[in-house]
Amino acid sequence: DAEITQSPRHKITETGRQVTLACHQTWNHNNMFWYRQDLGHGLRLIHYSYGVQDTNKGEVSDGYSVSRSNTEDLPLTLESAASSQTSVYFCASSDGGLVETEAFFGQGTRLTVV
Amino acid sequence: AQSVTQLGSHVSVSEGALVLLRCNYSSSVPPYLFWYVQYPNQGLQLLLKYTSAATLVKGINGFEAEFKKSETSFHLTKPSAHMSDAAEYFCAVSKNTDKLIFGTGTRLQVFP
């Protein structure tokens, strides 16, 4: 069965370190998204991609970057981790527009920056 | 800018009671509206979505939602709560059929 997987599920890192969170989907979806989930804020969009070599900034993109070298993967990099980036991160993918199709979410990565 | 507001960060009901989770949207154009559910330690799963085809939308697990343009609302209901409904519920809006803008979520507790 097709799926979307995130790794690692949990990570603790130190302030200032570079961290990369992996997202891999086997749906062959063009669209991929990264969200962070924080209490009182719901899910906020960090970056998104509509296809290979395409990346776009979301509402909370500062301190994060993504790259899309193939259809299946959209890794999220924290260039220099900060305590404010302690959060639960969700990756999602969809095949085209959300009206016609459904966005599928990974199980999340809980990141703690100490 | 489009957004959604979920009234009540926590809702508690007894098993068998009506579930009502509130969502209001602000959008300058008719939006596409969604309800997602998140069970503990899991990702989000689509419950239902409104795409202007019908104002009353039925979803999975017995949930439904009604789009009311005059009230700019898209409240989620279920006639009879079950223990397995305990989860966090997110309302979301999309104007351009791509990105989702989420509300802050409502945690539903169901008591026996």
Side-chain angles (χ1 to χ4, degrees), chain A residues 2-10 21 23-25 27 29-51 54-61 74 87-110, chain B residues 1-10 21-25 27 29-54 57 59-60 67 74 76 87-108:
Chain A
E3 60 181 0
I4 178 167
T5 56
Q6 294 182 233
S7 61
R9 294 293 311 277
H10 301 271
L21 310 183
C23 176
H24 179 79
Q25 53 99 0
W27 294 98
H29 286 165
N30 287 321
N31 301 348
M32 295 185 74
F33 309 84
W34 273 105
Y35 289 88
R36 59 177 289 175
Q37 183 181 23
D38 304 288
L39 197 63
H41 291 280
L43 279 80
R44 291 179 291 175
L45 184 62
I46 306 171
H47 281 287
Y48 57 101
S49 167
Y50 290 146
D54 176 74
T55 61
N56 306 278
K57 294 182 178 180
E59 63 177 311
V60 291
S61 60
L74 186 70
S87 185
V88 180
Y89 292 85
F90 286 98
C91 180
S93 71
S94 69
D95 184 15
L98 292 169
V99 174
E100 299 83 14
T101 62
E102 176 180 347
F104 293 91
F105 284 77
Q107 292 188 299
T109 295
R110 183 175 296 276
Chain B
Q2 54 185 325
S3 66
V4 289
T5 301
Q6 292 185 241
L7 300 175
S9 58
H10 289 83
L21 305 182
R22 300 178 187 273
C23 173
N24 288 89
Y25 68 91
S27 175
V29 298
Y32 302 110
L33 292 159
F34 306 77
W35 275 100
Y36 278 82
V37 60
Q38 183 182 29
Y39 298 105
N41 299 314
Q42 295 189 24
L44 280 71
Q45 178 184 3
L46 180 66
L47 267 180
L48 49 81
K49 62 181 176 182
Y50 166 74
T51 62
S52 77
V57 182
I60 61 172
F67 174 73
F74 190 59
L76 181 71
E88 187 146 18
Y89 292 80
F90 292 93
C91 183
V93 63
S94 176
K95 190 177 77 172
N96 298 322
T97 75
D98 49 15
K99 300 183 297 292
L100 287 168
I101 307 298
F102 287 88
T104 53
T106 298
R107 184 169 298 278
L108 175 67

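Letters A, B, ... are given to chains in the order of the sequence lines, protein chains preceding strands, and every chain is numbered from 1. Atoms considered below: every heavy atom in the structure, side chains included; atoms not considered: hydrogens, waters and symmetry mates.
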Practice prompt. Tell me, for A/Gln6 versus chain B, whether the close heavy atoms (under 4.5 Å) come from the side chain, the backbone, both or neither.
Written response: neither

Worksheet entry | Option in B/Ser9, B/Gly103, B/Gly105, B/Ala92 with maximal non-hydrogen atom pairs under 4.5 Å from chain A | B/Gly103

Worksheet entry | Side-chain touch B/Leu48/B/Phe74, heavy atoms, less than 4.5 angstrom | yes

Worksheet entry | B/Leu76 vs B/Cys91 side-chain heavy atoms within contact, under 4.5 Å | no

Practice prompt. Measure B/Gln38 against the heavy atoms of chain A and call it side chain, backbone, both or neither at under 4.5 Å.
Written response: side chain

Worksheet item: A/Leu45 versus chain B, heavy atoms under 4.5 Å apart: side chain, backbone, both or neither?
Response: side chain

Discussion item. Is A/Arg44 in contact with chain B via its backbone, its side chain, both, or neither, using a 4.5 Å heavy-atom distance?
Written reply: neither

Worksheet item: Quick one: ring pair (Phe, Tyr, Trp, His ring centres under 6.0 Å) partners of B/Phe90, sequence neighbours excluded?
Response: none

Worksheet item: How would you list, by chain and number, every residue that makes a ring pair (Phe, Tyr, Trp, His ring centres under 6.0 Å) with A/Phe90, sequence neighbours excluded?
Response: none

Worksheet item: Is there a donor-acceptor pair under 3.5 Å between the side chain of B/Thr106 and the backbone N or O of B/Gly8?
Response: yes

